[in-house]
Amino acid sequence: MSTRGHWVTGRHLWMRWPWNVVLAVLVLALVGGTLTWVLWPEDTSCADGVRHVGADRSCVGVTDGSFHFSDNLAAVSDLIHTQNAAVDQDNRSFVSIVYLMNLVPGPDDTNTPDSVRHEIQGAYAALYEKNNTLGGGDVPRIRLLLANCGSTDEQRDATLEEIRSRVGPQHIVAVAGLGTSTDATARMIGKVTGNTDSGGLQLAAVGSVLTADTLAAIPGLVRTAPTNTDEAAAAASFLKQPPYAALKVLVIQDARPDDQYSRTLGKAFLAAFPKERLVGQVEQYDSSQEGVATAFATRMANLCAVKPDVIYFAGRGVNLPSFLAPLKNRPCSARKLIVLSGDDASQAAQAAGFGEIKETLRSGTVRLLYTGLAHPEAWEKRPDAYSAAVRDDAAVLGKHGYYHATFPLEGLDDGQAMMGYDAVSAAVKGARTVGRSPGANGRVTGSQMIQIWQSLHGVDAVMGASGYISFANDGSPTEKAVPVIEIGADGKVHTLAVSSRTGTPFVPRKD
């Protein structure tokens with residue numbers, strides 16, 4: 001009986017518990033937690049100066065190398081961070097150069113992860129050389145910042161605002177790299193070089209691989225790469241020489257509306273090449289639409305009908321596999337054919353489908369050539385067009401130089417490292433020229449950098465790995481050396497010749 005009473009007492013106590021209070025507390029806790037989750041600001045930080053932006057939450061912004069935008073760039077980012085830290089500990093004056101581009105390209109981008117890595121490695125090689133040798137002076141010291149601008153206007157604008165916040169504290173005077181020749185790139189550069197009164201950053205800009213002629217209209221921008229007009233003229237000059245002088249040419253043109261590179265490359269070639277040696281109508285495709293390979297496959301019969309000896313491919317390297325794969329199955333497959341393209345063809349070796357390119361080349365009836373931006377064999381083909389200080393075996397990019405010792409598994413064949421090196425070298429020469437000018441006392445600003453660009457020509461040309469860089473008033477290099485490169489069936493590349501717009505690359509006068 002006592003046991004039963006115990007259970008009754010326990011049950012009555014349980015029933016008398018103030019459950020209305022408990023439920024109220026639970027409801028308040030639930031509501032409070034929900035409100036906290038809804039109202040609390042989302043954590044968008046990736047690292048200091050870098051944050052998630054956009055629907056894909058890409059990490060965009062600026063770093064001194066301490067943050068890795070991707071595993072692909074981890075090793076070179078650490079090296080850059082080490083150099084920057086050494087400058088931070090130095091008492092001498094310094095300036096910062098921002099290397100700005102989409103550092104994490106996606107599968108639909110015109111750049112590849114390999115080409116981006118090589119370009120940043122070349123930029124780092126220039127940073128190391130300028131801070132650790134005396135050939136180009138030693139002040140101001142140079143810091144290199146990496147900026148990932150992502151792939152959308154929202155991400156680009158967020159990155160530019162982060163750069164703006166660092167201009168004063170980190171003495172930023174120039175932005176280098178800048179990606180490829182697209183409408184979006186042009187808009188971004190306009191904001192980089194634009195006057196601060198109109199919302200711009202008023203920083204000097206130096207493009208590494210920008211070739212579209214339309215970009216010459218942007219004040220404050222210089223480019224280390226030849227323009228598409230120069231590349232096309234160099235290609236035309238090459239095809240006027242034996243054994244190519246009598247060959248007939250068909251032009252294939254990418255009509256993608258936002259790609260200034262492809263658009264201006266085809267137009268420039270048509271203007272430079274003799275009309276009587278052109279066959280058929282210009283064959284167009286649009287790489288922004290689906291079915292590119294199918295579009296090429298349907299053109300094979302027409303291609304055979306007009307019987308070209310050469311096809312000038314005015315398109316991106318990432319689209320070359322889609323063209324060359326059906327080319328091996330063309331009805332006239334026994335007829336020998338040369339495919340000649342612009343510098344972006346250097347990306348083909350790193351693009352998906354490169355195996356199919358090699359398969360077509362192994363047929364023995366198709367050759368793939370392109371006018372490149374840079375290649376180390378060009379130094380041997382035409383040594384007078386390149387400074388000995390850059391092409392010497394012991395130079396930073398030379399056979400026994402710092403680049404190969406630091407990145408033993410990498411090469412210079414795609415030209416990206418050489419162009420990254422040249423872009424930073426040009427920015428450093430500009431900064432040090434301003435810094436030693438009368439009354440400067442080492443002080444350098446972005447506005448002064450924009451002013452100094454016009455003086456870096458002739459005997460004051462930049463000694464680039466890709467050739468002497470003598471800036472014209474529109475920021476384009478004058479008579480820039482253009483190597484004509486062949487991709488072999490084994491995937492290896494070789495320089496066949498070195499040309500220019502007139503056929504003779506610029507060399508500073510010695511007298």
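One-based numbering along the sequence shown.
A salt bridge is defined here as a Lys NZ or Arg NE, NH1 or NH2 lying under 4.0 Å from an Asp or Glu carboxylate O, and Arg92 with Asp90 meets this definition. Electrostatic pairing of Arg316 and Asp254 does not count as a salt bridge here, judged by no charged N lying under 4.0 Å from a carboxylate O. In this structure, Glu380 pairs ionically with Lys399, as a charged nitrogen and a carboxylate oxygen lie closer than 4.0 Å.
When the options Asp88, Asn91, Asn131 are evaluated for a side chain to side chain contact (heavy atoms under 4.5 Å, CB included) with Arg141, the one that passes is Asn131.
Between the side chain of Ser181 and the backbone N or O of Ala212 there is at least one donor-acceptor pair closer than 3.5 Å. Counting only distance, with no hydrogens or angles, the side chain of Trp453 and the backbone of Gly220 share a donor-acceptor pair below 3.5 Å. Under a 3.5 Å cut-off, the side chain of Lys130 and the backbone N or O of Ile142 do not form any donor-acceptor pair. Under a 3.5 Å cut-off, the side chain of Asp109 and the backbone N or O of Asn111 do not form any donor-acceptor pair. Remark: the backbone N or O of Val53 is paired with a side-chain donor or acceptor of Gln155 at under 3.5 angstrom. Side-chain atoms of Trp379 come within 3.5 Å of backbone N or O of Ala465 as a donor-acceptor pair. Judged by distance alone, with hydrogens and angles left aside, the side-chain atoms of Ser96 form a donor-acceptor pair with the main-chain N or O of Gln170 at under 3.5 Å. Of the possible polar contacts, none joining the Glu356 side chain to the Pro321 backbone as a donor-acceptor pair under 3.5 Å is found. For the pair Asn148 (side chain) and Leu103 (backbone), a donor-acceptor distance under 3.5 Å is present.
Using cut-offs of 30° and 60° on the angle between ring planes, the pair Phe94 and His171 is parallel. Ring planes of Tyr128 and Tyr124: tilted class, angle from 30 to 60°. A parallel orientation is assigned to the rings of Phe269 and Tyr312, their planes being inclined by less than 30° (bins at 30° and 60°).
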- Message: Quick one, Leu100 with Thr159, criterion side-chain contact (heavy atoms from CB on, under 4.5 Å). Give me CA distance, side-chain angles, the key distance, then yes/no.
- Response: CA-CA 9 Å; Leu100 172 68; Thr159 303; 3.8 Å; yes
- Item | Test side-chain contact (heavy atoms from CB on, under 4.5 Å) applied to Glu231 and Arg501, step by step | CA-CA 7 Å; Glu231 278 196 58; Arg501 182 175 60 84; over 6 Å; no
- Given Lys381 and Glu377, is the salt bridge (charged side-chain N to carboxylate O under 4.0 Å, His left out) satisfied, shown in steps? CA-CA 6 Å; Lys381 286 287 182 180; Glu377 286 184 7; over 6 Å; no
- Task: Walk me through it: do Glu119 and Met419 pass the test side-chain contact (heavy atoms from CB on, under 4.5 Å)?
- Result: CA-CA 7 Å; Glu119 190 169 334; Met419 299 311 296; 5.7 Å; no
- Step by step, would you call Cys46 with His52 a side-chain contact (heavy atoms from CB on, under 4.5 Å)? CA-CA 6 Å; Cys46 301; His52 295 290; 3.5 Å; yes
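Between His494 and Lys492, some side-chain heavy-atom pair lies under the 4.5 Å cut-off. A heavy-atom distance below 4.5 Å is not found between the side chains of Ser425 and Val428.
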